[in-house]
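Below, all heavy atoms of this structure are taken into account, side chains as well, without hydrogens, waters or symmetry copies. Being a predicted model, the structure only gives us computed values, none of them experimental.
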Protein chains: 2
Amino acid sequence: MRGFERSLPMALMRARESIMSQFRPILAEHDLTEQQWRVLRALASNDKPCSVGRIAEQTFLLGPSLSRMLTSMADRGLIKRAAHADDARRSEVSISGAGLDLVDEIAPHSEGVYQRISDALSRKELDVLYDLLERTAAID
Amino acid sequence: MRGFERSLPMALMRARESIMSQFRPILAEHDLTEQQWRVLRALASNDKPCSVGRIAEQTFLLGPSLSRMLTSMADRGLIKRAAHADDARRSEVSISGAGLDLVDEIAPHSEGVYQRISDALSRKELDVLYDLLERTAAID
DNA sequence: TATTGTTATACTCTATAACTATA
DNA sequence: TATAGTTATAGAGTATAACAATA
């Protein structure tokens, strides 16, 4: 079995932890978990409202976890839920104005983190990294 | 704020999920959580026994979580704990024979996953990926 | 006094199954 | 019958503080 250092999941985790460790304190200041932030970011990037299932796919959260998170995020006024026009089983979830405000408040800190990434990796290297990650994600 | 698609933490997570989703069923068959597997792999790659703090660093687990996990893994016979020779505060944790057997049992499946990665990425591309990930992990 | 590791506590997320209501 | 989403439940991990033992 290959060494721990040459384990791809661990290498991916080390890279991710390096970034998230800078970012988590900012999220904590705004009373957001990493998972809630993923939901907020997914909704902010989707221009249109989308289904709960679609959010689950985008954020790698399980339905039951997400369902509860959406309830608490709606209580907090960060997201909105509406009934689907054609299919009454579906929800149409979207980010609220307050949710967008929160994203905008956190965004500058995020860009600060990306500045440090840009100091370490050239634009070209970042492009290569994204490409390799995407191809890894596409396996199977 | 950059799009969700161009978020590096999410790109890292998507890549990692793609691999781990193939691997988790194998771990589940052997009653191992992802975190327990990280501990086992870390200990298997360290030739010498090491401290609880060192394992926590390697596996990105918090002390209290790790402490409980080590207790249950020791009860299961997967690891061994010994007192440190010079410093009685420290533990010396190492993998047991049964722990090594379990790693060896799971290893072939792991190589199967790496085979699929090798089908998608050339050796050179994998080297580039590891290098870029390492440099990302080294930020700050 | 600082450090290593454990225990205590509250909360969040994971994971699976069962359920509701639509389709 | 199948699908979308919620509720129920058990368990594991996260996170912080407090603690014991030792340096």
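A heavy-atom distance below 4.0 Å to DNA chain C is reached by these residues of residues 64-77 of chain A, ordered by number: Pro64(A), Ser65(A), Arg68(A), Met69(A). Only at 4.0 angstrom or more do the heavy atoms of residues 25-39 of chain A sit from any atom of DNA chain D, so none qualifies.
Arg116(B) and Gln22(B) share a side-chain donor-acceptor pair at under 3.5 Å. In summary, the side chains of Gln58(A) and Asn46(A) do present a donor paired with an acceptor at a separation below 3.5 Å, with no hydrogens or angles considered.
Arg54(B) comes within 4.0 angstrom of nothing in the nucleic acid, heavy atoms only.
Residues Leu27(A) and Thr33(A) have side chains not in contact (no heavy-atom distance under 4.5 Å, counting atoms from C-beta outward). For the pair Leu32(B)/Arg76(B), a side-chain contact is recorded, criterion being any heavy-atom separation below 4.5 Å from C-beta on.
Atom CG in Leu62(A) sits roughly 14 Å away from atom P in dT6(D) (whole-Å rounding). Straight-line distance from the CD1 atom of Ile55(B) to the C1' atom of dT4(C): 13 Å, rounded to whole Å. A straight line from CD of Glu92(A) to P of dG5(D) spans 9 Å, rounded to a whole angstrom. For the pair Met13(A) CE and dT14(D) C1', the interatomic distance rounds to 13 Å; values are reported in whole Å. Taking atom CZ on Arg24(B) and atom P on dG13(D), their separation rounds to 13 Å, with Å as the unit. What separates CZ of Arg90(B) from P of dG5(C) is a distance of 6 Å, to the nearest Å. We find that CD of Glu17(A) is positioned 9 Å from P of dT14(D), with the value rounded to whole Å. Distance NE2 (His84(B)) to P (dG5(C)): 9 Å, rounded to an integer number of Å.
In this structure, of dG5(D), dT22(D), dG5(C), it is dG5(D) that holds the atom nearest to the side chain of Val52(A).
Contact check on Arg135(B) versus Glu125(A) returns a salt bridge, with a Lys/Arg side-chain nitrogen under 4.0 Å from an Asp/Glu carboxylate oxygen. Between Glu34(B) and Arg24(B) a salt bridge is recorded (basic side-chain N to carboxylate O distance below 4.0 Å). In summary, Arg14(A) and Glu17(A) do not engage in a salt bridge, as defined by a charged side-chain N under 4.0 Å from a carboxylate O.
Relative to the ring axis of Tyr114(A), Arg2(B) places its NZ or CZ within 45° and under 6.0 Å from the centre.
Of all the heavy atoms in Phe4(B) and Ser45(A), the pair that sits closest is CB-OG, 3.3 Å.
Residue side chain Arg89(A) reaches the base of dT3(D) through a donor-acceptor N/O pair under 3.5 Å, judged by distance alone.
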